[in-house]
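First the structure, in the form of structure tokens, and then the observations on it.
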Amino acid sequence: MSLSERVRIKVPASTANLGPGFDTLGMALSLYAWIEMKQDDRTSFQLFGDQMTGVPEDKSNLIYQVAQMVFEEAGISVPELSISMYSEIPLTRGLGSSASAIVGALAAANALIGSPLPDRKLFDMATNLEKHPDNVGASLFGGIIAAAWDGQHADYVRIEPPAELETMVVIPDFHLATSMAREALPKQVSLADAVYNISRSSLMTAALSSGRLDLIGAAMKDRIHQPYRAALVPGMAEILDEAPNRGALGVALSGAGPTLIAFIQREDERVEALQTYLLETMKKEGIPASILLLSPDIHGVQVLDELQSISFMDMIRGEVTT
Ligand code: HSE
């Protein structure tokens with residue numbers, strides 16, 4: 001096993017569920033976090049950017065802990081690490097920040113020790129930590145992921161996003177913990193609602209696989225989580241109803257929220273009007289919000305071999321997209 005002295009990785013954000021595919025569908029987005037991991041004599045952290053405020057800088061740090069799981073699984077000891085991280089993925093907004101941290105840590109630690117663990121093993125480890133495969137699968141593999149988790153192993157298919165597909169996300173300026181958004185859900189759903197979701201989730205998967213953007217509107221609908229979460233996100237119910245009339249192909253809560261994601265067609269001339277509508281609806285509810293136009297990320301987590309001679313922060317300055 002060949003150990004590197006230092007590795008750098010770039011890992012995308014993600015949106016989960018895509019409406020009906022609760023805990024099964026995910027898509028990677030062009031918003032990123034970067035991690036540098038080095039073997040060292042003593043563990044230390046350099047955490048950059050607003051998103052890192054409050055993140056622990058000792059061995060309880062998630063990146064450190066997840067890296068140690070990789071070393072243990074590979075039967076190798078690397079107890080002391082120097083970890084640098086910068087993220088442009090907002091925390092607890094439904095854009096998969098914790099999944100990207102887990103996947104980034106797994107990929108960096110695995111690369112540091114010569115990549116003994118295959119991606120499917122990293123996927124199982126990531127899903128075991130996150131408990132659902134939708135965000136972690138997207139961050140790991142890029143593109144669109146359909147995945148099923150049996151409690152130990154995740155089976156998945158990666159779908160290449162249709163070339164014309166873009167997204168507009170509206171990010172409300174408040175945090176919503178996934179645990180709280182899951183507590184809002186009922187323990188049981190009716191057969192009618194289950195069938196409603198199974199059919200639309202299947203249609204969504206088939207439509208995305210075959211580039212049928214015209215079916216997104218019919219498919220991107222849900223009855224098993226969004227109706228229960230709408231009370232947690234002011235403006236959400238109205239936007240889910242109305243955005244498709246304002247240029248969105250379809251619209252959904254992004255993961256557990258509070259971000260909302262509209263699928264749009266590349267170069268659709270209604271984009272500006274849609275943006276104005278989304279911001280005004282949030283404003284009407286008294287919620288400050290920001291908008292990002294994001295593309296599907298098709299790479300997933302990447303080990304960066306270039307730019308090794310420049311410092312971590314200089315590399316980030318050349319890369320950030322927001
Ligand atoms: N599928 C999950 C949920 C994603 O909606 O709760 C959140 O990380």
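Remember, it's 1-based here, ligands and their atoms both numbered in the order they're listed. The structure displayed is predicted, hence computed values, not measured ones.
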* Structure fact -> In this structure, atom 8 (O) of ligand 1 is nearest to the protein heavy atom N135 OD1, 3.0 Å
* Asked: Got a sec: does the NZ of K131 have more than 12 other heavy atoms crowding it under 6.0 Å?
  -> yes
* Structure fact -> atom 3 (C) of ligand 1 has as its nearest protein heavy atom R182 NH1, 3.2 Å
* What atoms of ligand 1 come within less than 4.0 Å of a heavy atom belonging to D134? -> 1 (N), 2 (C), 4 (C)
* What atoms of ligand 1 come closer than 4.0 angstrom to any heavy atom of D23? -> 1 (N), 2 (C), 3 (C)
* To do: Output yes when the distance from some N or O of ligand 1 to some N or O of E130 is under 3.5 Å, and no in every other case.
  => no
* Heavy-atom neighbours of R266 CZ exceed 12 at 6.0 Å -> yes
* Between Y64 and F45, how do the two ring planes meet: parallel, tilted or perpendicular, split at 30° and 60°? -> perpendicular
* Establish, yes or no, whether a centroid distance under 6.0 Å links the rings of F312 and Y86. => no
* Can you list the atoms of ligand 1 that are under 4.0 Å from a heavy atom of F22? -> 3 (C), 5 (O), 6 (O)
* Asked: What part of H225, side chain from CB on, backbone N/CA/C/O, both or neither, has a heavy atom under 4.0 Å from ligand 1?
  -> neither
* Establish, yes or no, whether the cationic atom of R200 lies under 6.0 Å from the six-membered ring centre of Y196 and within 45° of the ring axis. => yes
* N245 atom CG, neighbour heavy-atom count above 12 within 6.0 Å -> yes
* Structure fact -> For V233 and F174 the tightest heavy-atom approach is CA-CZ, 4.3 Å
* Asked: Between R229 and ligand 1, is there a nitrogen or oxygen pair with a distance under 3.5 Å?
  -> yes
* Structure fact -> the protein heavy atom lying closest to atom 7 (C) of ligand 1 turns out to be H132 CE1, 3.6 Å
* Asked: Under 4.0 Å from any heavy atom of G255, which atoms of ligand 1 are there?
  -> 5 (O)
